[in-house]
Structure formats: structure tokens, C-alpha cells
Number of protein chains: 2
Amino acid sequence: MSDLLERLRGRGWRLTAQRRVVAEVLDGDHVHLTADEVHARAAARLPEISRATVYNTLGELVSLGEVLEVSTDGRAKRYDPNAHRPHQHLVCSRCGAIRDIHPGGNPLADLPAGERFGFTVSEVEVTYRGLCPGCARAAHGPDPA
Amino acid sequence: MSDLLERLRGRGWRLTAQRRVVAEVLDGDHVHLTADEVHARAAARLPEISRATVYNTLGELVSLGEVLEVSTDGRAKRYDPNAHRPHQHLVCSRCGAIRDIHPGGNPLADLPAGERFGFTVSEVEVTYRGLCPGCARAAHGPDPA
DNA sequence: TTCTTGACTTAGACTGTGTCTACTGTAGGA
DNA sequence: TCCTACAGTAGACACAGTCTAAGTCAAGAA
């Protein structure tokens, strides 16, 4: 993640304790935190950080292209630091767990011209839904209730 | 849409004026209204209908499988009556216009086993984003501002 | 090192979307 | 007609996110 901090400094980003903590919280693979979760984890290290700062910082990271905003459930948006490698999401319909996946192929090519309604199409978002291994076991196994 | 009303009656749904108006508002192709828009249009025909009734009725239509809930912008959910024909969405990133599209192929098959993390995958949601013809013209043409 | 400046942060009010609750209305059977 | 259960209502509440005004601080200049 120091890469990210370096890139941000290179872009003239003023580096404050708050921004550093938010960037650090977003480090890792398969990280998809809501703004409130980011705030909670940031506040564990820097108790006085405010919600507005977390929203501001997340918004800046998104517009700099360093973080992706994903909304898989129609509720809170989630923030995904894995922005430099195009990927899709696999979501558990029961517990909400999210995994990043990297299928081959280019889904944009699957859209025939006749279905484009004259749109200039530039992006595709693909979300696979199903049950994660744990929830599938719970659904099939002997019901302990 | 009288099909829908017939189906609902067949399921023992008590058909009231409020429910009929909500179902009628959702008639048509490429219809993707927010709950508030449904409420506004329903209230034009039945002024005393309440917001809670619109939410309740939409929720019932969704759980009966007659209407789909889609959230393309992370803001308000939209309700899509085109639930009996599997389809995907094409969204204008500028004005938010939504079109239903029906590409061939089965996107589920594009997900190799090695990328499934043990999930039992049952659905795919695909959203294409770009500019609709009107917004593309506005972006390219001589700026009238 | 100290000063200056403008960008950054803060608390809290505000908005939009959706849910819940307690009460009222009403369709249809006894 | 009366009863009962389901449907509808208004309004309070909850959650996610945005905005504002005022205070704070990082970083360059002297």
C-alpha cells in the first residue's frame, strides 16, 4: 500500500494522518468495506477521525482511480482497492461475502451491435450470485434448529 | 398487464384499487421506475395512496417474481416489470437512461470452475455502461455553453 | 525556525430512500 | 348485521450519504 501512498504524493496529494489511515485500512485482497466499516477501522487507529473525512477521502480515491466503488446489495456502497486489475465480483446471496474474480474473455464483445440502441458502450459490470461454501453447507445439512 | 392482474388474482391476491394502480403504473417495456416515481404516478390516479402501500405492493410483486428490483446507480432501487424474460441492462452514465437488452449466450458458462471459490453460482447480473446517443452528441458536438 | 495560506478536518444539520408501528378501513363469511 | 383478518394510512424512525461553517494544520516561503 506504500505504493499507493507514493502515487498519491506524486499527484500532489497533501498527505495527512487521516488520509494515510484510510488508505491503510483499504489494503489487501478481497477487501470490500462499506464507508462505515472504513470509518470504524480508521477510528480504531485515529479516534478523532470524522465520518465526513472518510467520505471525502474515499471519494477522492475513487476519482483518482485508486479505489473502485461497488454496490452489490443496493444498500451501502463498498470500496474495493483492487482497481488496477479489471475484475468482477462473486457474491453470496445469503451472507453477503464478496470475492474478486478474473474470468478470461471480454464481456463487452458479447454485446451485439443490434442490442446497443446507439449507445457508446465503454464498461461492463458483472456480478455472479450464489451461495458460498459455508452457506451452501448450512442450507443442505441437517437443520440444527 | 391485465395478464399480470389475472395471474395475481389466480394466486389469491386480494385485488384492491391501490394494488391495481401500482400494477398498471408498472406496465410497458423499458420501464424502470423508482418507488417514488411509482408513488407519484399512482397518486396521479388515486391521490390518497400512501408511500408505505407502494413499498408494500412493490415488495410483494418482487417476492411473487412478477417484478424485478434493479439498482444501477447505488441510489434508489428501480422496479422492472420485465421479469419473465431474462435480460440485462444498458445504462447511460450521464443521464441514467436504462434499456433492457437480450444478448445471446450464457454468461454463467463464462465463469471457470477455478474462479468459483467453491460457490454454488446460480445467477449473473450484467450491466453495460456508456453514453446514450443524445448524451454522446452533447459530449462531442460544439458546446453551446 | 517561524509565518502564512489555503487545503483539510470536524461536528452536526440536512436530504433521500426505505422500514416499522399503531391505528383505521373494508371485504367477505357467519 | 356483526366479526375477523387482511389491507391501507400517517407519521416516526433508521440508515447512507451530503453539505456547511468554522477551526486546524501541512508545507512552502522568508
Side-chain angles (χ1 to χ4, degrees), chain A residues 5-6 8-26 32-64 66-80 96 98, chain B residues 5 8-9 11-26 32-64 66-80 96 98:
Chain A
L5 294 179
E6 279 312 309
L8 295 174
R9 216 191 302 266
R11 299 197 198 212
W13 225 48
R14 190 146 124 192
L15 196 50
T16 66
Q18 290 83 351
R19 289 174 167 192
R20 183 197 312 275
V21 167
V22 169
E24 284 171 359
V25 161
L26 282 173
H32 304 90
L33 300 173
T34 63
D36 263 8
E37 286 164 352
V38 171
H39 179 233
R41 295 186 189 201
R45 305 189 201 182
L46 195 65
E48 58 283 349
I49 193 171
S50 81
R51 232 161 52 94
T53 298
V54 170
Y55 276 106
N56 289 341
T57 306
L58 289 171
E60 282 160 23
L61 290 171
V62 168
S63 63
L64 290 171
E66 297 290 348
V67 163
L68 290 178
E69 220 173 51
V70 305
S71 57
T72 54
D73 62 353
R75 300 185 66 86
K77 289 176 194 160
R78 292 178 175 274
Y79 294 86
D80 181 346
I98 305 177
Chain B
L5 294 179
L8 296 174
R9 217 191 302 265
R11 298 198 200 210
W13 223 47
R14 195 146 120 189
L15 195 50
T16 65
Q18 290 84 349
R19 290 173 169 196
R20 183 197 311 276
V21 167
V22 169
E24 284 170 358
V25 160
L26 282 174
H32 304 90
L33 299 173
T34 64
D36 261 10
E37 286 164 353
V38 171
H39 180 234
R41 296 187 187 201
R45 305 189 200 183
L46 195 65
E48 58 284 349
I49 193 172
S50 80
R51 230 163 51 98
T53 298
V54 169
Y55 276 106
N56 288 341
T57 305
L58 289 171
E60 284 162 23
L61 289 171
V62 169
S63 63
L64 290 171
E66 298 290 348
V67 163
L68 289 179
E69 221 173 49
V70 304
S71 56
T72 55
D73 62 353
R75 300 183 66 87
K77 290 176 194 160
R78 294 179 173 274
Y79 294 87
D80 180 346
I98 305 177

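To find a chain, count down the sequence lines: A is the first, B the second, and so on, and within it residues start at 1.
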> Sub-3.5 Å donor-acceptor pair from the side chain of Ser63(A) to the main-chain atoms of Glu60(A), do we have one?
Replying inline: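 Yes; at least one donor-acceptor contact below 3.5 Å.
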>> Heavy atoms from C-beta onward define the side chain here; which of dA16(D), dT17(C), dG11(D) lies closest to that of Asp36(B)?
In response: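 Of the options given, the side chain of Asp36(B) lies nearest dT17(C).
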> What is the minimum heavy-atom distance between Ala76(A) and Thr34(A), and which atoms define it?
Replying inline: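 Nearest heavy atoms, Ala76(A) then Thr34(A): CB-CG2, 3.9 Å.
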Check this one for me: any side-chain N or O of [X] less than 4.0 Å away from OP1 or OP2 of [N]?
X	N	value
Gln18(A)	dC25(D)	no
Arg75(B)	dG16(C)	no
Thr53(B)	dT9(D)	yes

>> Which residues pass the side-chain contact (heavy atoms from CB on, under 4.5 Å) test with Ala35(A), not counting sequence neighbours?
In response: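 With neighbours one apart ignored, the set is Tyr55(A), Leu58(A), Tyr79(A).
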>> Checking Ser50(B) now: which residues fulfil side-chain contact (heavy atoms from CB on, under 4.5 Å) with it, not counting sequence neighbours?
In response: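 Counting only residues at least two positions away or on another chain, Ser50(B) forms a side-chain contact (heavy atoms from CB on, under 4.5 Å) with Ala52(B), Thr53(B).
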> Looking at side-chain heavy atoms only, is the closest gap between Leu8(B) and Leu15(B) below 4.5 Å?
Replying inline: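 Of all side-chain heavy-atom pairs linking Leu15(B) with Leu8(B), none is under 4.5 Å.
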Find the distance [X]:[atom1] to [N]:[atom2] and express it as a whole number of Å.
X	N	atom1	atom2	answer
Tyr55(A)	dC8(C)	OH	P	20 Å
Asp73(A)	dT19(C)	CG	P	12 Å
Arg20(A)	dA26(D)	CZ	C1'	12 Å
Leu15(B)	dA7(D)	CG	C1'	12 Å
Leu61(A)	dC8(C)	CG	P	12 Å
Leu58(A)	dT18(D)	CG	C1'	14 Å
Arg19(B)	dT9(D)	CZ	C1'	14 Å
Lys77(B)	dC15(D)	NZ	C1'	12 Å

>> Under 4.0 Å, counting only non-hydrogen atoms across every strand here, what does Ala76(B) touch: a base, just sugar-phosphate, or nothing?
In response: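 It contacts sugar-phosphate atoms only.
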> What does Arg51(B) touch in the nucleic acid at a heavy-atom separation under 4.0 angstrom: a base, only the sugar-phosphate, or nothing?
Replying inline: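 Base contact.
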>> Both Thr16(B) and Arg78(A) contact DNA chain D. Which one's nearest nucleotide lies toward the 5' end?
In response: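 On the 5' side of the pair lies Thr16(B).
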> Is a donor-acceptor contact shorter than 3.5 angstrom present between the side chain of Arg14(A) and the base of dA7(C)?
Replying inline: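 Indeed, a donor on one side and an acceptor on the other fall under 3.5 Å apart.
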